[in-house]
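A quick write-up on the structure given underneath.
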4 protein chains.
Amino acid sequence: MQKITQALVEQTIKKRAVHTHKGSFGKLLVVGGNAQFGGAIILTSSAAIYSGCGLVTTATDPSNFASLHARLPETMVIDIHQQTAITEMLKKVTGVVIGPGLGETTLALQTLQTVFQSIEASQFLIIDGSAIDLIATHTLDLPKAHLIFTPHEMEWQRLSGIPIASQTESRNKQVQKQLQATIVLKKHHTEIYTDAATYQLTLGGPAMATGGMGDTLAGMIGGFVTQFSNTPLNAILSATYLHSFIADELGQSQYVTLPHQIIKRIPQVMWQFSNANH
Amino acid sequence: MQKITQALVEQTIKKRAVHTHKGSFGKLLVVGGNAQFGGAIILTSSAAIYSGCGLVTTATDPSNFASLHARLPETMVIDIHQQTAITEMLKKVTGVVIGPGLGETTLALQTLQTVFQSIEASQFLIIDGSAIDLIATHTLDLPKAHLIFTPHEMEWQRLSGIPIASQTESRNKQVQKQLQATIVLKKHHTEIYTDAATYQLTLGGPAMATGGMGDTLAGMIGGFVTQFSNTPLNAILSATYLHSFIADELGQSQYVTLPHQIIKRIPQVMWQFSNANH
Amino acid sequence: MQKITQALVEQTIKKRAVHTHKGSFGKLLVVGGNAQFGGAIILTSSAAIYSGCGLVTTATDPSNFASLHARLPETMVIDIHQQTAITEMLKKVTGVVIGPGLGETTLALQTLQTVFQSIEASQFLIIDGSAIDLIATHTLDLPKAHLIFTPHEMEWQRLSGIPIASQTESRNKQVQKQLQATIVLKKHHTEIYTDAATYQLTLGGPAMATGGMGDTLAGMIGGFVTQFSNTPLNAILSATYLHSFIADELGQSQYVTLPHQIIKRIPQVMWQFSNANH
Amino acid sequence: MQKITQALVEQTIKKRAVHTHKGSFGKLLVVGGNAQFGGAIILTSSAAIYSGCGLVTTATDPSNFASLHARLPETMVIDIHQQTAITEMLKKVTGVVIGPGLGETTLALQTLQTVFQSIEASQFLIIDGSAIDLIATHTLDLPKAHLIFTPHEMEWQRLSGIPIASQTESRNKQVQKQLQATIVLKKHHTEIYTDAATYQLTLGGPAMATGGMGDTLAGMIGGFVTQFSNTPLNAILSATYLHSFIADELGQSQYVTLPHQIIKRIPQVMWQFSNANH
């Protein structure tokens, strides 16, 4: 496996060109958050916006609108029950994150299918959390798109059929090829399986072991691939790297690092990396 | 075009006189924010209050009340469905911002017409976002008032009929005269068209290219014209200048600068400018 | 008039005795905040809690519960429609603040009467904002209690019948005696009329001229009189003093000082004053 | 009585092992918060998450969801009316905190019984606030579990039948044995009664005497026992110690220390203690 290097991240997060506007940095639709798991979608949406995505819209249960906007006035919302509004928004975005806090109800499944039916081959689709489990437990045709799965080991077991103890590089790689997707396998030293090489993260520590970390990573990946859409693999690797890089920084003075603390640090750390070679 | 200078801003933001009260610094009505775009009106209202406007009232969808007050207890609210309450409030205010997150529904159009019918020639009316598009797509008589439009280039194309590529100073100026309004044309190096000269902003950078920046500027302009109502043109120029000035400051350590971060810095930066010559 | 001195404040804010518990520092009921003016009651309740009041309960419109708790989990809430719950709570508290954002509806008037009927002579009753106007416009018997009115000049005109231009010390004093209340007349150099002397504040500046300042002061007075209940006059004077003292501190680097910023500084500044002589 | 020492806390908060994930640090169900006392459950849930508990779920009145998530997106929620969902969640968690802001309605009693019926002997059950009073006033069989009661002196009087003035070590110890529980008796120099020794806290001061402190301690104990489940007594002692340790730190510059301020400091202070001997 190749290690993700600091140099790769520095090359990916380029200084922004002067003549740009919010449309230059991608549009993202974030789909998830039922009444029980609304916090997840707040974290995902926040991570995308703090990562610099130009415009973020969040399709979620209306019971989450107030808390989402109280924390993040910069996002727009869609009632997840309005499937037509989701379909319409899909025509405008660079990518989609689906799954954080989505749950596995009929509505959740229907929403996943709505996204699968409308997404285009040119768009990015990050599949996280509940959406992974829905795919693992239902017969669904995966759409043609830039697919990115972000399972933790147990979700990967359910999706790939490979028991955790047997999740070796070669077996994981095999399923990655079948799925025609990039796999971000979250674990101690997260592994990223791609059509080309396999990558490994060497950062991260136990201070990150708390709920919401995965939702945050999904949002960062969404923000990075829509923004750095010409180098999507590097975008995925960089998001994964910085997520743990920030956590490690915070972990030098905190016993546990909370997801929202990581999110707030993203703009500063991206600036540092974008300026490293200048 | 004339460049907006730091000296102009320093002259505009005068030290406050000792014998003043909140009524001395203007009253603003902010109108916008449907259920989907509630974040926009939070940003606009916040920007007005942090700019020092004496009293701000926000007419918006009731689903936005909780998030608005959770972020900004200093504002008062009106249910946007209560058109009579809007009309009553119009009698009390120095100015109105209409448009951020307003949407283009029948209610949105009706609300715009309510404001148009009741506003007086002495009042300021900042027309932003959805309100610009409503005017572009409906036959509406503009009211007699101090009109200020804040379009980005695409909105200006829809309102003026001038394609973006053809938006030259002379053609823009022509439409400005027809509209009998001040035009804040938001773009890289924003241009301000007035009855007198045309002004250009030399600040601002790509770290500002994220959703909600325009909503924030509309709120700052609203807060500045109601507060510095004796020098409204300077107020508009100063709000536009400081919006980007703060973003540039933050952009020295952030890859992206979020609107709410800019808003929180306004009181400090206004203080600096008000003390520059003392 | 006597000036309120720093020494008086230092004597009032005594170091807390070691063997105390939350019951030692008073209980306050804050009543106000209809659906339109919910922000006011957030500020009042917050000011009371940050001032060190042992327990605060807020009776307000239920539409304000979410924003109130999002900002201030330390308060408890009562639905203002449940007049019996208000009556029950009145039996337990040291004092009441009524008025901020209360409005002047039938419910508002009824709530004021509920408080008037149940309050005891030993309790403090701070009457602010809408509650002052309700008294000015209705024939109500004031209850026997430690009454504290906190009008600004226009509210005082309506309550006392003295036009602003004629609000001299002697005329104000006359009405104060009739009301058998302490009057905190908010203005540039606020004046406090008491059964004994008349006091004047020498602090405060135009950076405070923004909505919500009065709601904040009402909460501070509520928090101070319930906490320093053995020296209620000194408590009122000290709350008034510190409210402007903090604003002046913030005003050294801010063009406008927002009420919530003042509130957050209260614990530190009280600590400084409590330690001044030690 | 034994004093709780800094050394004990340092030994308890071990450096986290590298190969861990959120499941390694326990799962907690927090139950409480009716419509009136929603703030309490926000504080309890926040304290648990900032203490490093791996996963926290909050069963509360739905009217509290928005404010809870606005402050704490890292938690998941259950509508407290859905008793089956509570039962299901009980099968997955390491421990439960029940009581903060629960109230004493029929629903509250039913919820307490639901927890009592489903909890297993291996699980931790922290019983706080209203839940203590419900037990004191109803005939309920206590379940077999690691029971931890966190009464203040008046609640202890109601639960134990011992008047405050007579709450001596020996009498308290007697009831502790009957209850087969650990008792955290909150007072000036809190006492912890266990099957083995009795412990005393020597920290804490009057700046802590404000509403919500107990809710915060209950959440910290919940976060500590589920996380340090191999040394539950040390976990309880350490949570109690750090709660006051942080308050004392803040109390060096604040007249009153608010619960949410204490909560935010937990990760830093735990880090310090975990690194004390390294």
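This is a predicted model, so every value here is computed, not measured. Because only heavy atoms are used, hydrogens play no part in the values below, and waters and symmetry mates are left out as well, while side chains stay in. Below, read A as the first sequence line, B as the second, and so on, with proteins coming before strands; counting in each chain starts at 1.
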Those residues of residues 69-81 of chain B, ordered by number, that approach chain A below 4.5 Å (heavy atom to heavy atom): B:Ala70, B:Arg71
Residue pair B:Gly211 / A:Leu55: nearest heavy atoms and the distance that separates them: CA-CD2, 3.8 Å
Pick one of side chain, backbone, both or neither for A:Ala17, based on which atoms fall under 4.5 Å of a heavy atom in chain B. backbone
Gap between atom NE2 of B:His152 and atom NE2 of A:His21 - 0.5 Å precision: 9.5 Å
In terms of heavy-atom proximity below 4.5 Å to chain A, should B:Glu153 be classed as side chain, backbone, both, or neither? neither
For B:Val256 against A:Arg16, the heavy-atom pair lying closest together: CG2-NH1, 4.3 Å
Highest number of heavy-atom pairs under 4.5 Å with chain B: which of A:Ser24, A:Pro62, A:Gly54? A:Gly54
Can you tell me which portion of A:Gln82 sits under 4.5 Å from chain B's heavy atoms? Options are side chain, backbone, both or neither. neither
Taking all atoms of both residues into account, what is the closest heavy-atom pair of B:His260 and A:Tyr50, and its distance? CE1-OH, 3.0 Å
Where do B:Ala209 and A:Phe25 come nearest, in terms of heavy atoms and distance? CB-CE1, 3.4 Å
Of all of B:Gly212, B:Pro259, B:Gly205, B:Gly204, which one pairs up most often with chain A through heavy atoms under 4.5 Å apart? B:Pro259
Worked check of side-chain contact (heavy atoms from CB on, under 4.5 Å) between B:His188 and A:Val18: CA-CA 8 Å; B:His188 177 64; A:Val18 170; 3.1 Å; yes
Under 4.5 Å, heavy atom to heavy atom: which of residues 28-36 of chain B reach chain A? Give them by number, or say none. B:Ala35, B:Gln36
Heavy-atom closest pair (A:Ala66 atom, B:Ser67 atom, distance to 0.1 Å) is O-CB, 3.3 Å
Measure B:Leu258 against the heavy atoms of chain A and call it side chain, backbone, both or neither at under 4.5 Å. both
Is there a donor-acceptor contact under 3.5 Å from the side chain of B:Tyr255 to the main chain of A:Gln272? no
